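Heads up: numbering here begins at 1 and tracks the sequence. Because the structure is a prediction, the values reported are computed rather than measured.
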Amino acid sequence: MYKVLLADDEPLITRGLGALIDWEDYGFEIKHISEDGEDALAFIRENPIDLIVTDIIMPKRTGLSLFEEAKKIRPQIKCIVLSGYEEFDYVKKGMILGIENYLVKPVDEDELLKTVQTVSEKLAAAREATEDVAFHTLKDNTLWRLLNGEINKNEWEQRLSLYGMSSLRPFYNVSTLEFANIADTEISVELRKNIENDFSAHCLLSPDQELLIILDGKAPADLYQTNQELAHYLHENCPEIGTFYLSMGDPVDSMEGLGESYFQAREYSLYQICLEPNTVISSQVHVDRQTLLKNQQTYKADIVKRILDSDEKVEEGIEQFFQTLTQHTKFLAPAVARKYTIDLIAYIHHSIQDVKHYNHTAAIEKLVYATDLQQIKSILLDYCQELVAAIENQQDSRSPIVQNVLDYMHANYNEELSLKTLSQRFHINPIYLGQLFQKEIGVVFSEYINHFRLEKAKELLKTTHLRAGEIGKMVGYSDTAYFYKQFKKHIGATPTEWRNLG
C-alpha cells in the first residue's frame with residue numbers, strides 16, 4: 001500500500017476526502033491527517049509518505065511550502081493541491097514544484113479519481129525502477145566479484161541462481177564492449193536491456209567503463225558466431241552508441257573459468273590500436289604482435305631519451321605516442337589508453353631508476369580514475385615534466401664521478417662491468433666508488449646493474465625472436481645459467497614463460 005497524508009485546516013474537508021473514493025482499491029492507505037503544515041511536515045520527517053493531498057492555505061505553513069520541504073526528505077513524494085478558488089500564481093508555482101494536479105473545492109470525484117489513478121501508476125513505475133536498479137546492483141556486484149576471483153563457488157552459485165543464471169551451460173565467454181558514447185547513462189541502460197533480451201546474455205558495467213557481456217553456447221564455435229552476430233546487430237541497429245569494439249575472451253567450459261575469459265578479453269582489447277572499429281577482436285583475428293611491440297618500444301624509448309636529455313620536446317614525443325594509438329581509429333577506449341600509458345610509465349620508471357626518491361605510483365593512481373583521453377595525456381605529461389625537473393635537480397647535486405659512471409653503464413651495459421673495472425677507468429678507489437654510488441643512487445652497484453640488464457632483456461624478449469640465451473649474452477651475462485637464475489629470481493618467471501605471457 002502507498003501511504004497518504006491529508007492536510008487541511010477544515011476537518012470536514014479531510015473527512016470528505018477520505019470518504020469520496022475507496023483509496024484502498026487503488027493501492028493507497030491514509031496514514032495521517034493534519035490540520036496545519038508544520039504538523040504534516042513533522043509526520044513526514046518520521047514516516048514514509050508517498051502522496052500528500054493538501055490545501056493551499058493552512059496555518060503555520062502553506063501546502064506548496066509543505067510539498068517543497070517534503071521533497072527534500074523524500075524526492076519521489078507526490079502531491080495533489082486543493083484550493084477554495086483558482087489562482088494563477090499558485091498554479092504556476094505548483095507546476096514548477098511538480099504537483100500532480102490542482103483541484104478546486106468542492107473537489108470533483110471523477111477528477112480526483114483520475115488523478116489518484118495516475119499517481120498510482122507513477123509510483124508503481126518508480127518502485128519498479130528502484131527495484132530493478134537494486135536487482136542489477138546486487139547481480140552486478142556478484143558477477144564482478146566472480147570475474148575477479150573474489151567470491152567462493154558456493155556463494156556465487158547460490159546468488160546467481162536467484163538472478164536466473166544457470167551454471168550448467170556447456171560453454172561460456174566474457175566479451176567487453178567499449179563504445180564512444182558509454183558515458184551516456186540512458187544509452188548504456190537501454191543497450192544493456194536490449195542485449196540481454198535479444199541475445200540471452202547477462203551484462204554488467206565495469207569500473208573501467210566497459211559493458212561486460214557474459215554469453216553461453218553449446219560449443220565454442222557457437223560463441224564465436226554469437227559474438228559476430230552481436231557486432232553486426234550493434235553496427236546495424238545501435239547507431240546511438242557510436243564507434244565500438246567488441247573484444248571476445250576465449251570460451252571456457254564452466255563459470256569458474258569466466259575470470260580467465262575476462263582477462264583474455266581485456267588483453268585482446270589492446271589490439272584496438274591496430275584494427276578497424278565496429279568489429280570483434282578475438283583469438284581468431286590475426287594481429288602482428290611483434291611489429292606492434294616493436295613500434296611501441298620505439299616510441300617509449302624516444303620519450304625516455306627526451307626525458308634524459310631534458311628535452312623541451314617531451315610533449316611532442318607524448319603526442320607522437322598517442323598518435324600511434326589512434327592511427328587506425330578516431331575512437332580509443334579510455335581503459336585501453338590507460339593500459340598503454342601505465343605500461344609506458346612503468347617502462348620510464350625502470351629505464352630511469354636512478355632518480356632517487358621519485359615516486360611514479362602517484363601518476364598511476366591518477367590514471368586509474370581518468371575518464372577520457374585528454375585527462376590521460378595531461379597526467380602523462382605532468383609525470384614526464386616532473387621527472388625531467390627531478391633529474392635536473394638530482395644531477396645538480398650528484399657528484400660528477402657518479403654521473404659519469406651512470407652514463408658509461410647505460411651505454412655499455414653489455415660489457416663486463418664491476419666496481420673494479422669502473423674504478424680503473426675513472427681512476428678512483430673501488431671501495432670509495434661503491435660507497436659513493438650507494439649513497440647517491442640509493443642501491444648497491446651490483447643490484448643496479450643487474451636490474452638494468454634484466455629490463456633490457458625483457459625488452460628484447462618482447463620485441464625480437466632471439467633465443468633467451470643469446471639475449472642474456474647481449475645484455476651482459478656471459479654465463480647463460482646465471483642469466484636464467486637471475487631472471488627467474490627477480491621477474492618471477494623464466495625468460496620463455498615471461499615472453500609467452502603477452
Quiz item: Do S269 and I281 pass the side-chain contact (heavy atoms from CB on, under 4.5 Å) test, and can you show the C-alpha distance, the side-chain angles, and the key distance before you say yes or no?
Solution: CA-CA 7 Å; S269 73; I281 308 175; 5.6 Å; no
Quiz item: D479 and K485: salt bridge (Lys or Arg N to Asp or Glu O under 4.0 Å), yes or no, with the steps?
Solution: CA-CA 10 Å; D479 185 339; K485 182 179 179 180; over 6 Å; no
Quiz item: Would you say K488 and E497 make side-chain contact, with heavy atoms under 4.5 Å?
Solution: yes
Exercise. Indicate yes or no: at least one non-hydrogen side-chain atom of H465 is less than 4.5 angstrom from one of L460.
Key: no
Quiz item: Without hydrogens or angle criteria, can the side chains of E459 and T463 be said to hold a donor-acceptor pair below 3.5 Å?
Solution: no
Quiz item: Taking atom CG of L234 and atom CG of L191, what is their separation to the nearest 0.5 Å?
Solution: 6.0 Å
Quiz item: Out of V405, D407, N412, which one pairs with M409 under the side-chain contact (heavy atoms from CB on, under 4.5 Å) rule?
Solution: V405
Quiz item: Are N181 and E240 close enough that a side-chain donor and a side-chain acceptor fall under 3.5 Å?
Solution: no
Quiz item: Of Y432, F426, F445, which meets ring-ring contact (aromatic ring centres under 6.0 Å, His included) against F437?
Solution: F445
Practice problem: Mind listing the closest non-hydrogen atom pair of Y484 and P495 along with its distance? | Solution: CD2-CD, 3.7 Å
Quiz item: Where do L332 and V336 come nearest, in terms of heavy atoms and distance?
Solution: CD1-CG1, 3.8 Å
Quiz item: With distance as the sole test, does S378 use its side chain to make a donor-acceptor pair with the main-chain N or O of Q374 at under 3.5 Å?
Solution: no
Practice problem: Go through S478 and E416 one step at a time and tell me if the side-chain contact (heavy atoms from CB on, under 4.5 Å) criterion holds. | Solution: CA-CA 9 Å; S478 56; E416 181 186 349; over 6 Å; no
Exercise. Run the numbers on D140 and T142 for side chain to side chain donor-acceptor pair (under 3.5 Å), then give the verdict.
Key: CA-CA 5 Å; D140 287 3; T142 300; over 6 Å; no
Practice problem: Starting from the C-alpha separation in whole Å, work towards a yes-or-no answer on side-chain contact (heavy atoms from CB on, under 4.5 Å) for I273 and Q296. | Solution: CA-CA 11 Å; I273 67 171; Q296 286 291 300; 4.0 Å; yes
Quiz item: Are L177 and L230 side-chain neighbours, meaning at least one heavy-atom pair lies under 4.5 Å?
Solution: no
Exercise. Quick one: pull up OG in S399 and CG in L436 and give me the separation to the nearest 0.5 Å.
Key: 4.0 Å
Exercise. Report the distance from atom OH of Y233 to atom CG of N227, rounding to the nearest 0.5 Å.
Key: 14.5 Å
Exercise. Verify whether one side chain among E440 and Q403 offers a donor that lies under 3.5 Å from an acceptor in the other.
Key: no
Self-check item: Check: F179 ring centroid to F244 ring centroid under 6.0 Å
Solution: no
Self-check item: E455 and Y347 side chains, donor-acceptor separation under 3.5 Å
Solution: no
Quiz item: Are there more than 12 heavy atoms of other residues, nucleotides or ligands under 6.0 Å from atom NZ of K473?
Solution: no
Quiz item: Under 3.5 Å, side chain of R338 to main-chain N/O of A370, donor-acceptor pair present?
Solution: yes
Quiz item: Would you say the ring centroid of Y245 lies under 6.0 angstrom from that of Y271?
Solution: no
Quiz prompt | Min side-chain heavy-atom separation D50-R74 under 4.5 Å | solution = yes
Self-check item: Side-chain donor-acceptor pair present, D250, S261, cut-off under 3.5 Å
Solution: no
Practice problem: Answer yes or no: is there a donor N or O on one side and an acceptor on the other, between the side chain of Y262 and the main chain of G257, under 3.5 Å? | Solution: no
Quiz item: CD1 of I77 to NZ of K72: how many Å apart, nearest 0.5 Å?
Solution: 14.0 Å
Quiz item: Would you call L380 and F322 a side-chain contact if the rule is heavy atoms closer than 4.5 Å?
Solution: yes
Quiz item: Between T226 and D216, is any pair of side-chain heavy atoms under 4.5 Å apart?
Solution: no
Quiz item: Heavy atoms, side chains only, cut-off 4.5 Å: are C203 and L212 in contact?
Solution: no
Quiz prompt | Minimum side-chain heavy-atom gap Q284-M248 below 4.5 Å | solution = no
Self-check item: NZ-CG distance between K489 and N450, expressed to the nearest 0.5 angstrom
Solution: 8.0 Å
Practice problem: Give a yes-or-no answer on whether the side chains of Y408 and R425 include a donor-acceptor pair shorter than 3.5 Å. | Solution: yes
Quiz item: Ring centroid separation for F321 and Y299, is it under 6.0 angstrom?
Solution: no
Practice problem: Just do the salt bridge (Lys or Arg N to Asp or Glu O under 4.0 Å) check on D382 and K366 with the steps written out, would you? | Solution: CA-CA 11 Å; D382 288 346; K366 290 178 185 176; 5.6 Å; no
Self-check item: From CA spacing to verdict: side-chain contact (heavy atoms from CB on, under 4.5 Å), E229, F199
Solution: CA-CA 9 Å; E229 291 171 359; F199 288 85; 4.3 Å; yes
Quiz item: Is the closest side-chain donor-acceptor distance between T324 and Q320 under 3.5 Å?
Solution: no
Quiz item: Under the salt bridge (Lys or Arg N to Asp or Glu O under 4.0 Å) criterion, do D302 and R306 qualify, and how do the steps go?
Solution: CA-CA 6 Å; D302 175 67; R306 291 171 188 263; 2.8 Å; yes
Self-check item: Interatomic distance, L433 atom CG to H427 atom NE2 [nearest 0.5 angstrom]
Solution: 13.0 Å
Quiz prompt | Exceeds 12 heavy-atom contacts within 6.0 angstrom, atom CD of Q327 | solution = yes
Quiz item: Any chance NE2 of H232 has more than 12 other-residue heavy atoms, nucleotides or ligands included, within less than 6.0 Å?
Solution: no
